[in-house]
Amino acid sequence: MSVLLSVKYFFPEIVLTGFAVAVLIVGLFVKRRAVLGMFCLLGILAAILLMPQSYQATSPLFSGMLINDSFSEFFKEIVFLVVGLVILVSMGYRAFSDEDAGEYYFLLLSVLVAMMIAASSNNLIMIYIALEAVSLMSYILVGFLKTDRRSSEAGLKYFLFGALATGVMLYGISFIYGLFGTTDLAEISRVLAAGNVNIFASTIALLLIFAGLSFKCALVPFHMWVPDAYQGAPTPVTALISAGPKAIGFAILIRVFLKNFFPLFPGWSETVSVIAIITMTAGNILAINQENIKRLLGYSSIAQAGYILIGFVVGTALGIQGMMFYILAYVLMNIGAFGCVALISNRLGNDYIEDYSGLSKREPVLAFLLTVFLLSLAGIPPLAGFFGKFLVFAAAIESKYYILAIAGVINSVLAIYYYVKIIKFMYLAEPRAGMHVSVLPVPATPGTGAVKLALIIALIGIIVAGLFPGLFIGWISASLL
Amino acid sequence: MPFPLLTSIVFLPLLGGLLILFIPKERTGLIKTIATAATGLALVLAAALVLKFDCGDLAMQFVERSPWIPQININYHLGVDGISIGLVFLTALLGFFACIGSYGIKERQKEYYFLYLLLNTGMLGTFLALDLFLFYAFWEIVLVPMYFLIGIWGGPRKEYAAIKFFIYTLAGSVFMLLSILALYFTSNPHTFNMLELAGSGSTLAKGFQIALFIGFYLGFAIKVPVFPFHTWLPDAHVEAPTPISVLLAGVLLKMGGYGFFRISFPILKDAAIYFALPFAILGAINIVYGAFVAMAQTDFKKMVAYSSVSHMGFVMLGLASMTVTGFNGALMQMFNHGVITGGMFLLVGVLYDRAHTRDLDKFGGLGAKMPVYAGILTVFTLASLGLPGLSGFVSEFMSLIGGFAAFRLITVISVLGIIITAGYFLYMIQRVLLGPLNPVWSKITDINRREIFTLAPLMIVIIAIGVYPLLILNFQSPAIINLIRHIGGALF
């Protein structure tokens, strides 16, 4: 489709970019985080309303660079949800100052636009550019607390690892271009289908691209940055990078690998299943001994990525449905959990799990919410996290990947231990004297209501998706590639 | 549309629990009233269910079915037959009386009763679900409130006991989930319906059946608990508050046994036959080993906990026999053990409330100070050790008869368990009730009216069934005969 015609289908991104620039300018004059946040939410709402209602099934935009299909629509809605909730959580995070609010929201909306573009990229170069944009904004967001040494350090670490990963990915893309003479995914499929490709060289290229995406999804061995970046980043940003880029990373994995390359390289499923098993196991084992809840949730989200990868290995319709449902559930429960952590650290001034002792007495609602999110992450029915696991395990069993399924359930048991450990501190342990930092009576932070709203949305989401998954499966199966 | 009786039974407690969430936590009287009303109403409906139940009808009764997740053919599907009706009634019965037994809980009552009621819904749902997915969901829901109930209101080592319970039982059930999924994908058309699977499961290759059976076994055996998976049970029992011990022993252990009856044996019958001998051996180990360990205990509650391990061995032995008598004995043993041991735990609680110790060596001569208590304790003890005329005898006897036909030597060894059981229970009576009065207890008061109210109905059930076992057999036997016919066991 020509550029001019394409613009018609690109309205949501354009509008959001407009809002991003506007919030940056308005932020110079209006120094109120809540007001600017509402303004951003308005922008997201406008973008949602402008989403094209009907698609010409495979109508590539901008000379095939982007594609608007129901698959990309699904992931766009996911990132709307992510950023919308993160904005709400940010409104009540104490460590942020109102001074930088405009800048902060500008970055959030820009990440959102970049993620939307990544979701509909149909060309390796476009994928690269979009992902790079997502990453750059994320690096800045992670290091956003300029006066906090940990935050800056986390941003730098994230940046260094990320730069390496994208470099590797770009190298892989250049291989593909050399071998196929194109970076257009549809074109590549056609060449592949005709046979006559150098399998060895293409495998190398795909490995390199896979490595780059593994970084986004935090798969072992590209997970090293996770604990430090998660811990150092401002908690709302942790929620964002644990949910948004990861969802997009998986979307691209599905689009690039499952649709185009996967079927032609039979050895792939074995390789990726090994990665899945190692990712789950390493994430869970490393999480067990963490004392900081953000690090713990960081390792747990590595493990969660391993479960999601089971659906990818299987690669059947059920497998992809499972991944998509899991990602939806994961986004809700992870942002929910980090939202709770943000509010709790407003109170405590730190994130040590031991200091959560007796929280159920001081903050009963918050403790309850965090418990539900943790139980969902642990996969206890009837919450959404359970059904996500159920679907990916089902997909594995259906396609006779028994070892993968068994590894998955053993890992679910391992994970129970540390999720329940947090619950144990909140409900079973008495508050102790001599905690890491004494709990000062902190004046109620403005914006707590907004965070609670985000938490309640996430809570309702995981309960409804857990009790009536059928509602969502219909939507998901209509969005399959 | 007919009145959804089963749904009402399952969800009435949860409804009460949700109601409690909206009541200020200071109004403890109202909270207790709601909890009692919810469990009481569930008991009334369960009694109505028993009265309306048609013993001659072999099909599932009061079936409720509606699509839940149609994309993968998951249904909300409840029903009751001769195998589950006794357990449903047992759960409602103990649920109500343990609720009254909970009045002694003084702290965080709002949370307690909410979790307690949620637990009841999970247990009732497990026995009524006919869809494997629904069954699994109810099964897992039970874990969460149980974790908190042990962990918050339990004894000194409550945290350890709670997390051990949680991880042990979850570890078992996730393997069950894999087997459920494998059954689903091998059925044609794909279904989670237990009744349909009972028809198609036996067509699977034997090796595959065995693999699936092991998956289910891990889930059920940990719950029963079968040696060597029993170690969570004494910990959980000892630490749990009295009413929760009652439900743990009375109902939760039965979920495992029920799983064998409802899922493992009918669906994977070749594997069940293949595993009969190991089942019998494990049953005998449970009976004898559990009894010996119980004998060594000085903690009253721990003794009763290990006696549960022993008594549940009869369920395994009866199941292994593949005979109608053995199966009847096993199923009845689950009901009887629930009533008897539920009562035993209440009695331990009565004593503990007054003495604040459970050390058997510290009592003595209480029979004279607490005559009513002594009488009731004696009845429950005699029932538990299998005195003819009381309910425990009938079911153990039937399990042994069934077992003897199939595995002579193992059954002979198992009988030893009864002798040891008699030994440690009588020794307990001697240490608690007889002998000179320990002067520490000179001011101890006898059992009060509320406590008698919770125990008397259980005692009536024990005596009634002991004298006239057909009360239960009429309900369960036709279903058992049908099941044995389906598996291909011996019809005697």
Side-chain angles (χ1 to χ4, degrees), chain A residues 318 321-322 325 360-361 364 367-368 371-372 374-375 378-383 386-387 389-400 402 404-406 408-421 423-429 466-477, chain B residues 21 25 67-74 76 107-108 110-111 114-115 122 133-144 147-148 150-154 158-160 162-186 190 211-212 215 218:
Chain A
L318 186 62
Q321 272 181 32
F325 190 94
S360 65
K361 285 181 188 150
F368 172 76
T371 302
V372 176
L374 291 172
L375 289 176
I380 302 290
L383 302 167
F386 165 70
F387 202 77
K389 280 207 177 79
F390 178 83
L391 281 178
V392 293
F393 293 162
I397 297 269
E398 182 191 37
S399 306
K400 302 202 164 40
Y402 295 123
L404 208 51
I406 290 173
V409 299
I410 291 176
N411 267 290
S412 315
V413 177
L414 276 181
I416 277 288
Y417 179 75
Y418 59 83
Y419 290 127
V420 173
K421 188 175 86 173
I423 298 174
K424 184 190 92 177
F425 274 109
M426 293 192 297
Y427 279 90
L428 273 50
L467 281 178
F468 307 104
L471 300 176
F472 295 86
I473 293 180
W475 172 36
I476 286 168
S477 55
Chain B
L21 284 184
K25 62 172 177 240
W68 181 16
I69 310 171
Q71 290 94 341
I72 37 181
N73 197 11
I74 291 173
Y76 176 76
E107 49 175 16
R108 298 167 91 170
K110 181 174 164 178
E111 286 162 283
F114 168 70
L115 291 164
F133 184 87
L134 185 66
F135 172 84
Y136 186 80
F138 278 125
W139 177 282
E140 292 282 90
I141 284 175
V142 168
L143 298 187
V144 178
Y147 168 79
F148 287 108
I150 297 174
I152 299 179
W153 292 273
K158 57 193 180 181
E159 291 177 19
Y160 170 77
I163 207 160
K164 188 169 175 182
F165 163 80
F166 202 138
I167 291 179
Y168 249 75
T169 43
L170 189 96
S173 53
V174 289
F175 287 100
M176 175 167 95
L177 179 65
L178 292 186
S179 289
I180 289 175
L181 286 169
L183 268 181
Y184 171 76
F185 284 113
T186 47
H190 294 345
L212 297 190
L218 288 172

For [X], is it the side chain, the backbone, both or neither that has a heavy atom under 4.5 Å from a heavy atom of chain A?
X	result
I180(B)	neither
I152(B)	both
L178(B)	both
Y147(B)	side chain

Could you tell me whether the side chain of L218(B) reaches within less than 4.5 Å of the side chain of M176(B), counting heavy atoms only?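 Result no, sub-4.5 Å side-chain heavy-atom pair not found.
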Any donor-acceptor pair under 3.5 Å linking the side chain of [X] with the backbone of [Y]?
X	Y	value
T186(B)	L183(B)	yes
W153(B)	E107(B)	yes
S360(A)	A367(A)	no

Centroid separation Y427(A) to F148(B) less than 6.0 Å: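 Yes.
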Indicate whether the side chain of S477(A) and that of Q71(B) have a donor and an acceptor atom separated by less than 3.5 Å.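 Per modelled atom types, S477(A) and Q71(B) side chains form no pair under 3.5 Å.
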Heavy-atom distance under 4.5 Å to chain B: side chain of [X], backbone, both or neither?
X	value
K361(A)	side chain
I380(A)	side chain
F390(A)	both

Heavy-atom pairs under 4.5 Å with chain B are the metric here; pick the option from L467(A), L375(A), L414(A), I397(A) that has the most.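 Option with the top pair count is I397(A).
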Which one of L471(A), I416(A), I423(A) has the most heavy-atom pairs closer than 4.5 Å to chain B?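 So the answer, after comparing L471(A), I416(A), I423(A), is I416(A).
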With under 30° as parallel and over 60° as perpendicular, where do the rings of F386(A) and F133(B) fit, or are they tilted in between?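 Geometry flag for F133(B) against F386(A): tilted rings.
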